[in-house]
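Structure first, commentary second.
Here the structure is a predicted model, which is why all the values come from computation and not from measurement.
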Amino acid sequence: MITRKGEATYTLRVAGRDYTLTSTDSPEHVRRVAVYVDRKIAETGSSGFVNRETAAVIAGLSMADELLNAQDDNTRLRRELMQARQELNELKHAR
């Protein structure tokens, strides 16, 4: 396996299987991501009525939903911050 400068190789256990990947992210971040994904798959599969693949897909859909909601919140908050800055500048110049 060829790694680029700043990349590290990690072996992570997710849903009972080991996966090897390379990343430039910190070991702590990579571990947090793996733990989060593992937990989401476990939560999805805890009913016992879905197989590992289905649990992974459902967990992926759930995480995508969380991501898109967070992106929408981020966009809204940035817009509100820009508006507040503009109002503050207008107040400063009105004096």
Side-chain angles (χ1 to χ4, degrees):
M1 178 182 306
I2 298 173
T3 58
R4 294 186 175 101
K5 186 178 179 180
E7 286 185 337
T9 301
Y10 303 95
T11 300
L12 307 167
R13 181 163 283 269
V14 176
R17 291 192 180 165
D18 289 338
Y19 297 90
T20 301
L21 61 93
T22 58
S23 177
T24 57
D25 292 323
S26 71
E28 296 82 18
H29 180 77
V30 172
R31 183 191 60 76
R32 284 181 59 213
V33 169
V35 167
Y36 184 74
V37 171
D38 186 58
R39 187 177 71 234
K40 283 296 209 178
I41 292 172
E43 287 172 3
T44 302
S46 66
S47 67
F49 296 110
V50 296
N51 62 33
R52 183 187 321 233
E53 180 181 337
T54 301
V57 170
I58 293 170
L61 290 169
S62 173
M63 289 183 286
D65 180 56
E66 291 173 6
L67 172 65
L68 293 173
N69 286 331
Q71 287 176 335
D72 290 345
D73 287 345
N74 187 12
T75 299
R76 179 185 52 77
L77 291 169
R78 285 177 182 267
R79 213 176 299 125
E80 289 175 8
L81 179 59
M82 286 177 53
Q83 183 179 356
R85 283 182 178 162
Q86 182 178 0
E87 290 171 4
L88 180 59
N89 282 334
E90 289 172 2
L91 288 172
K92 284 181 180 178
H93 290 105
R95 290 183 174 180

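Under the 3.5 Å distance criterion, the side-chain polar atoms of Ser62 are left unmatched by any main-chain donor or acceptor of Ile58. With hydrogens and angles disregarded, no donor-acceptor distance shorter than 3.5 Å links the side chain of Asn74 to the backbone of Ala70.
The minimum heavy-atom distance between Ala15 and Ile41, with the atom names listed, is CB-CG2, 3.9 Å. Nearest approach of Tyr10 to Asp25, heavy atoms of both residues: OH-O, 3.2 Å. Looking at every heavy atom in both residues, Leu21 comes nearest to Leu12 through CD2-CD1, 3.4 Å. Residues Gly16 and Arg13 approach most closely at O-NH1, 2.7 Å, considering heavy atoms.
Hydrophobic clustering of Ile, Leu, Val, Met, Phe, Trp and Tyr side chains at less than 4.5 Å, counting indirect connections, keeps Met63 apart from Val57. Criterion: ILVMFWY side-chain heavy atoms under 4.5 Å apart, direct or through other members. Under it, Leu61 and Val37 are not part of a common hydrophobic cluster.
With respect to Glu80 and Arg76, a salt bridge is recorded, a charged nitrogen being found less than 4.0 Å from a carboxylate O.
Here the CG-CG distance, from Leu68 to Asp73, works out to 11.0 Å after rounding to the nearest 0.5 Å.
Within a 6.0 Å sphere centred on CD of Glu53, other residues, nucleotides and ligands contribute 12 heavy atoms or fewer. Annotation: Arg32, atom CZ; neighbour count of heavy atoms from other residues, nucleotides and ligands within 6.0 Å does not exceed 12.
Side-chain contact annotation: Arg85 with Asn89, donor-acceptor N/O pair under 3.5 Å absent.
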Task: Working for salt bridge (charged side-chain N to carboxylate O under 4.0 Å, His left out), residues Arg39 and Glu43 - done: CA-CA 6 Å; Arg39 187 177 71 234; Glu43 287 172 3; 3.7 Å; yes

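No side-chain heavy atom of Arg79 sits less than 4.5 Å from a side-chain heavy atom of Gln83.
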